[in-house]
Amino acid sequence: MRPLRDGKKEAMNKGTTNSNGFQHVLERKEADLAQALRRRDDIAMEKSADQLDEIQYATERDLAMRNKDRESILLREVRAALARLADGTYGACIQCEEAISPKRLAAVAWAPRCIQCQEAADRDREEGTESVVETLIHAA
Ligand SMILES: [Zn+2]
């Protein structure tokens with residue numbers, strides 16, 4: 001009987017299980033986004049001889065392009081999170097290297113920053129442009 005070693009082993013297993021859970025979430029999100037981005041390509045290709053249709057399509061294309069930008073950014077973040085999972089830095093803020101709260105990761109599995117650094121980054125970006133990250137978090 002070596003209770004100390006057993007305890008440690010159990011803790012390590014638990015950590016691995018959590019990472020696998022996030023990996024699953026991230027991989028599914030990556031697949032969803034990749035598929036959505038492919039669909040947007042189809043929308044953007046639509047053309048019509050009818051002028052009203054053309055205007056309608058132009059509006060849809062415009063909206064689709066904006067969504068596509070957002071989804072591209074999100075896809076990059078999801079892939080970056082998967083890379084962090086692979087190299088063992090997942091769950092640490094990319095800015096201050098503090099642990100990101102489990103609650104935050106449960107809501108936004110691809111979050112690259114802790115809430116403090118994210119809020120600071122959002123404040124920096126606020127001038128003129130809407131905060132993409134905020135939009136993403138609400139959409140998630
Ligand atoms: Zn941080």
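Residue numbers start at 1 and run along the sequence shown. Each ligand, and each atom within it, is numbered from 1 in the order the structure gives. Below, each value reflects all heavy atoms present in this structure, side chains not excepted, and no hydrogens, waters or symmetry copies.
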- [ ] Check whether any side-chain heavy atom of Q95 sits under 4.5 Å from a side-chain heavy atom of C114, and report yes or no.
- [x] no
Task: Atoms of protein origin (N, O or S) under 2.8 Å from the Zn ion (ligand 1) - done: C93 SG, C96 SG, C114 SG, C117 SG
- [ ] Using a strict cut-off of less than 4.0 Å between a Lys/Arg side-chain nitrogen and an Asp/Glu carboxylate oxygen, indicate whether R66 and D62 qualify as a salt bridge.
- [x] yes
Task: Carboxylate-amine/guanidinium proximity below 4.0 Å for K29 and D32 - done: no
- [ ] Please step through salt bridge (charged side-chain N to carboxylate O under 4.0 Å, His left out) for the pair E54 and R61, ending with a clear verdict.
- [x] CA-CA 10 Å; E54 193 54 43; R61 265 201 301 275; 3.3 Å; yes
Open item on the list: Just verifying a value: how many Å separate L74 CG and D69 CG, rounded to the nearest 0.5 Å?
Closed with: 12.5 Å
Task: Sequence neighbours excluded, every pair satisfying salt bridge (Lys or Arg N to Asp or Glu O under 4.0 Å) that has a member inside residues 87-100 - done: none
